[in-house]
Number of protein chains: 2
Amino acid sequence: MGYTLHTCAINRLYSAFRVLAMDRVSIKDIAKAAGVSHSTVSRALRESPLVNAHTKERIQEMAREMGYSPDAQARSLVTGRSYTVGVVVTTIADPFVAEVVQGMESTAHDHGYTVILSCSDSEPEREIAAVEMLRAKRVDGVIVTSSRIGALYLDHVEGIGAPVVLLNNHNEQSGHYTYTVTVDNRHGSLLATDHLINQGHIRIAYITGPANHSSDTERMAGYRQALSEHSLPYDPTLVVPGDGKPVGGMRALQALIASAQPPSAVFCYNDMTAIGLLRAAREAGIDIPGDLAVIGFDDIPLASFVCPPLSTISQPKNEMGRLAMEMVLTLAESYDAVRPEYSDIVVKGKLEIREST
Amino acid sequence: MGYTLHTCAINRLYSAFRVLAMDRVSIKDIAKAAGVSHSTVSRALRESPLVNAHTKERIQEMAREMGYSPDAQARSLVTGRSYTVGVVVTTIADPFVAEVVQGMESTAHDHGYTVILSCSDSEPEREIAAVEMLRAKRVDGVIVTSSRIGALYLDHVEGIGAPVVLLNNHNEQSGHYTYTVTVDNRHGSLLATDHLINQGHIRIAYITGPANHSSDTERMAGYRQALSEHSLPYDPTLVVPGDGKPVGGMRALQALIASAQPPSAVFCYNDMTAIGLLRAAREAGIDIPGDLAVIGFDDIPLASFVCPPLSTISQPKNEMGRLAMEMVLTLAESYDAVRPEYSDIVVKGKLEIREST
DNA sequence: TTGTAAGCGTTATCAC
DNA sequence: GTGATAACGCTTACAA
């Protein structure tokens, strides 16, 4: 690690008999203290009209005084609803994911739900384990974000006993009997590429994302479509592999400048790639956008702070999180009732022109 | 919003009688099917040695076939442990927080625990509500990150019935009977300011963070200490207010260049501030680090991608998350047993020299 | 309006 | 080894 660690005052004082086992007060305790039955307490605490207004108030007062806190698990055991939804992501450290989760959490909160967060690190086993664990916790719904292995869920989905919605899933065959929220990748790429073309660029490169992600396939498709719509030739040598991360972008730039006929513009799979590319360009003394115009995809929070500020396709991250959460909650509330077999929400990205193009 | 939304295939098909109420199988169901008592099933499923090896295997096989999933809530009800810890943060969209949470989640996972995420948006009521809710869910522990209102917890902390650890708390009076993980702010500032001084700078400005945060007070103290250790005068006009966000940094730069005797270097409360300042500097045609050296604090993931790459004090974010989680889990496992009255872990930041100084 | 009793799915304590 | 039986803290018929 290299970080020095300083533990101070640890184990400073052991208080031998500090038994904090502050026995939790239950409705029975309140019942005893109030001289009523525990069912009356239960009613009073949940504002049931079936209880005398006076005693209700008295009981609520006592509950407060005694420091009562309802046991959500016990309640859930009998009601069958946990008011909890599981959110599975690759890694929360990804700024895109973080924004999406932010949107999810706040909507969940607004509806009185709680979020269990699980990071899979893109490892299938961990992702499955997470789903299994969420199932054991009896969540009312699950949202899986940016997963590459969505198809696996479809098998698990039957067993989990709760609705599952996929957000920006990267797998092709997640079409059946599932619920999804996705950005329109093709449309976004069209926007990006068109923009470059309108600026007069003819030779436009595309830096790919990680292999086998449907989002990459779709963005690539949009790029080619824009080219063909403008009767521009598609040159395979202008498609260079990246990995969705800064390093990929840096390497891609090397490949680009080494080529016989370098492009005058480049569309990157995502902002992280573009940012890596920007950095490499600066080091190589290439002027952006003078020598090379660059556009990304995602609009991560810092896209406007790199230099030059990055033009990009903005995904409504917060909004997407909100939509996914609302979808899963709606499904949860009508679970084991009549509901649509599947539904997809497709949101469109927006062209954000800054100074890199 | 401005984003167009396209709902496709929604409500595509209602299958009227698809009752997915796939009645959950319980140990009793398995017991019935296997012709044994439910206690035997319970034992078999938890690898108890108190059960015939043959029947154990048979039962496990049946459980698998029947798609059994243990009910964590029911179990928790009787064992008193939920294997869940609550993490409350200001906002997960903050890259610093996201990294910390990443560290927390992965350690929790390694120990078989699950994370409930709650974002308070720095609103005291929400923060209190979150704690209340976590209490109802019977979490085994709570970690509060970057809160400004830690003192409030100290009242709640007794009632919550679970250990609470504070990470990078911004409140002064969180000293008693609590557990904390914090970065050594004074030390980090010393590092940063020393670095600037060693580069030959005499007039060094400090851009503050949000008011009344102890972290700001401490960083400021480190700055002054470095100055005095090098017998440099402390000039109050060189301390300009920021807000911990890019805008604050941008505004601060205006103030700086408008001053009679501008500094040749500036130490910013955090990276976000520095990044805003960098941007304003670029727009104002100020050369970094030629005209002005800039250093931040935090080392957020994109600090190395802005231009010029930002020198900063690196906080071991992941590590801090890990430490906090390990602390709370240790406390949880010994709850209502003998344990230290309080302990603080203080980690030291590291000077990360890049190109802005 | 209130109380009694059953039950949610576990684990745990006894006997046998 | 195994099976009753009693919790755990709550909600909810069903009675009174």
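Lettering of chains follows the sequences in order, A, B, ..., and the numbering in each one begins at 1.
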Discussion item. Should the side chain of A:H38 and the base of C:dT4 be counted as holding a donor-acceptor pair, with the cut-off at 3.5 Å?
Written reply: no

Item to complete: Could you check A:D71 against B:A53 and say which one's nearest nucleotide on DNA chain D is further toward the 5' end?
Response: B:A53

Item to complete: Would you state whether a donor and an acceptor, one from the side chain of A:S39 and one from the base of C:dT4, lie under 3.5 Å apart?
Response: yes

Practice prompt. Nearest 0.5 Å please: distance from the NZ atom of A:K137 over to the OG1 atom of B:T84.
Written response: 3.0 Å

Item to complete: Output the distance between atom OG (A:S37) and atom CZ (A:R43), rounded to the nearest 0.5 Å.
Response: 6.5 Å

Practice prompt. Tell me, with the steps shown, if B:R81 and B:S76 meet side-chain contact (heavy atoms from CB on, under 4.5 Å).
Written response: CA-CA 5 Å; B:R81 320 214 65 249; B:S76 166; over 6 Å; no

Item to complete: Report the distance from atom CG of B:D29 to atom P of C:dG7, rounded to the nearest whole Å.
Response: 15 Å

Discussion item. What is the separation between atom NZ on A:K32 and atom P on C:dG3, rounded to the nearest whole Å?
Written reply: 15 Å

Worksheet entry | d(CD, B:Q73; P, D:dA7) in whole Å | 23 Å

Item to complete: Measure distances between side-chain N and O atoms of A:R43 and base N and O atoms of C:dG3, and say whether any donor-acceptor pair falls under 3.5 Å.
Response: yes

Fill in: Nearest-nucleotide pick for A:P70, side chain only, options being C:dG3, D:dC10, C:dG9
D:dC10

Worksheet item: Between B:T55 and D:dG1, is there a side-chain N or O to OP1/OP2 distance below 4.0 Å?
Response: no

Worksheet item: Do NZ/NE/NH1/NH2 and the carboxylate oxygens of A:R126 and A:D121 come within less than 4.0 Å?
Response: no

Fill in: Toward the 5' end of DNA chain D, by each residue's nearest nucleotide, B:R138 or B:V51
B:V51

Worksheet item: C:dG9 C1' sits how many Å from B:R24 CZ, rounded?
Response: 11 Å

Practice prompt. Rounded to the nearest 0.5 Å, what's the gap from CD1 on A:I116 to CD1 on B:I116? Could you check?
Written response: 5.0 Å

Worksheet item: At under 4.0 Å, does any side-chain N or O of A:S26 touch on OP1 or OP2 of D:dG9?
Response: no

Worksheet, complete the sentence: Closest of C:dT2, C:dT11, C:dA6 to the A:L50 side chain is C:dT2

Discussion item. Can you see if the side chain of B:S42 gets near the phosphate of C:dT10 - specifically, an N or O under 4.0 Å from OP1 or OP2?
Written reply: no

Practice prompt. Measure from the side-chain heavy atoms of B:R46 and tell me the nearest of D:dC10, C:dA12, D:dG1.
Written response: C:dA12

Practice prompt. Looking at every strand, decide which applies to B:S48 at a 4.0 Å heavy-atom threshold: base, sugar-phosphate, or nothing.
Written response: nothing

Fill in: Separation of atom CD1 in A:I27 from atom P in C:dG3, rounded to whole Å
12 Å

Item to complete: Can you see which heavy atom on B:A93 is nearest to which on A:A98, and at what distance?
Response: CA-CB, 4.3 Å

Worksheet item: Nearest of D:dT5, D:dG3, C:dC8 to any side-chain atom of B:T40?
Response: D:dG3

Worksheet item: In whole angstroms, how far is the C1' atom of D:dG3 from the CG atom of B:N52?
Response: 15 Å

Discussion item. Could you tell me how far apart A:K28 (NZ) and C:dA6 (P) are, to the nearest whole angstrom?
Written reply: 13 Å

Practice prompt. Look up atom CD in A:E326 and atom CG in A:L331, then write down how far apart they are to the nearest 0.5 Å.
Written response: 12.0 Å

Discussion item. Do the side chains of A:R58 and A:E65 get close enough for a salt bridge, i.e. N-O under 4.0 angstrom?
Written reply: no

Worksheet item: Dot-bracket for DNA chain D, 5' to 3', with Watson-Crick and G-U pairs under 3.5 Å, [ ] for crossing pairs and | for other-strand pairs: what is it?
Response: ||||||||||||||||

Worksheet entry | Whole angstrom value for the distance that separates P of D:dA7 from CG of A:L77 | 17 Å

